[in-house]
Amino acid sequence: MTSLTDRYVAATVRSLPETQRADVERELRGSIEDHVDARREAGMTAETAERDVLTELGDPAGLAARYSERPLYLIGPTNFLFYRRSLIALLAIIVPISAVGSALVQAFMGEAVGAVIASAVVTALSAAMHIGFWVTLVFAVLDWTGASKSGPLVRWSLDMLPEAPERRAHRGDTIASLVLLTLVLVFLAFQQFFPIAWNLDGPVREPVLDPALWSFWLPYLIATVIAEMVFTLVKHRAGGSTWPLAVVNVVIAFAAAVPVAVLALAGALYNPAFLAAFDWMQADGVGRVLAVGTAAVALGVASWDAIDGVVRAARAPRSARRRPLAR
Amino acid sequence: MSGVDETTAQHLQELRRGTVVLACLVTLERPGYGYALLESLADAGFAVDANTLYPLLRRLERQGLLESEWNTDDARPRKFYRTSPTGRELAALLRRDWDALHTAITDLIEGESS
């Protein structure tokens, strides 16, 4: 027998249990010879016939899987849905927490903004890769060992039904957003002219935010807030979040939050005269905590807003995604 | 089956999938080996791929539905399979089910036309 058949048979039986190997090898070899003989009788050359037969039998690894009844997939349908849910839940919880945690540690240690962002991104990526790898491995082992044959790990029940898309809450969301954004605008203007804090000597008559920011950044922030208000109204008219709207939402959220965070970390956000009115502000490290805390809150709120928009777009019924709600 | 579109081919394949086991159990009432069985199934209109049939025979043997024996009388040793008593019982059950399905489908068609 030529080497092609030898190689094919060897490749097939290699992964089979020791006890079956010799028997399968003997039978498979005989069968291949039968097929080859039949083709030669039909007029083929020995070489063409052999190539033909082996090609038709296909990938030896696939044949071996059929012999040993091993699945040809990593995670089968039995546990796939549970796998997907676990993966999404773990990614959604652990990745942001670890990214924020690592960024906070870097920021408290006094690293530059770039280093803080880089550390958050690297931590998020490595957390995501670890979660993806280990969760997939666990589920793949379940399938590979045949543990999945006894049924899904978690049986689906009616309790797992997600809430229907909240259409009625939609109007309330819009109003709440507009009220909140209006309050932000009012605060930005109010803090410049009126006291919003008191110390032992009475009201502090200094703006909270650095007045130097009025040259560009405060008008810019006011513009982003107005953009967000317009966006909220557009979203309301569209009948909920859509993918393009979710993208716009992400852009607006970070357009506002990133400058605030950078200014805070650079120590340029708060009015030094305002901070000077409080003795405890002068203590070691308080300024740092304030800067990092402000940056973390700004980015956290923006991330929350961005993710919320994306999740709503993903959950929106298809019909609502394509056209606005009929009134 | 030339000229059959993909959807049709898929439905035909699904309908026939289970019948291969029954065809094997019935055919192997008389002992046979892999290649010969493949040929007689093909002649009877069951186009089974070799890479499906050979592992299937071993699975049925593991399940106790087939018995096997090496025949070394010929120049080429061959593994002969034969339907076991358990296999025969299963074949009878599958045939009853087959008949029941046939009757049910016929009833549906006649119920519709009347």
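Chain A is the first sequence line, chain B the second, and so forth, proteins listed ahead of strands; every chain is numbered from 1.
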Original post:
Out of B:Asp49, B:Leu57, B:Thr52, which one racks up the most heavy-atom pairs below 4.5 Å with chain A?
Top reply: B:Thr52
Original post:
Between A:Val24 and chain B, which part of the residue has a heavy atom less than 4.5 Å away: side chain, backbone, both or neither?
Top reply: both
Original post:
Would you say the side chain of A:Glu33 lies within less than 4.5 Å of the side chain of B:Arg76, judging by non-hydrogen atoms?
Top reply: yes
Subject >> Check: A:Leu63 and B:Tyr54 side chains under 4.5 Å, non-hydrogen atoms >> reply: no
Original post:
Are any side-chain N or O atoms of A:Arg66 and backbone N or O atoms of B:Asn51, one a donor and one an acceptor, separated by less than 3.5 Å?
Top reply: yes
Subject >> Within 6.0 Å of CD in B:Glu6, more than 12 heavy atoms from elsewhere >> reply: no
Original post:
Of the backbone (N, CA, C, O) and the side chain (C-beta and beyond), which part of B:Leu56 lies under 4.5 Å from a heavy atom of chain A, both, or neither?
Top reply: neither
Original post:
Checking heavy atoms, do the side chain of A:Ala38, its backbone, both or neither come under 4.5 Å from chain B?
Top reply: both
Subject >> Separation of B:Glu61 CD from A:Asp23 CG (nearest 0.5 Å) >> reply: 7.5 Å
Original post:
Take atom CD in B:Gln63; do more than 12 heavy atoms of anything else shown fall under 6.0 Å from it?
Top reply: yes
Subject >> Lys/Arg N to Asp/Glu carboxylate O, A:Glu27 vs B:Arg78, below 4.0 Å >> reply: no
Original post:
Any chance CH2 of B:Trp70 has more than 12 other-residue heavy atoms, nucleotides or ligands included, within less than 6.0 Å?
Top reply: yes
**OP:** Give a yes or no on whether B:Glu39 atom CD has more than 12 heavy-atom contacts from other residues, nucleotides or ligands under 6.0 Å away.
**Re:** yes
Subject >> A:Arg26/B:Lys79 under side-chain contact (heavy atoms from CB on, under 4.5 Å): CA gap, chis, key distance, verdict >> reply: CA-CA 9 Å; A:Arg26 201 173 171 203; B:Lys79 193 172 185 178; over 6 Å; no
Original post:
In Å and rounded to the nearest 0.5 Å, what is the OH to CG distance from B:Tyr35 to A:Asp37?
Top reply: 8.5 Å
Original post:
If you draw a 6.0 Å radius around CZ in A:Arg84, do more than 12 non-hydrogen atoms from other residues or ligands fall strictly inside?
Top reply: no
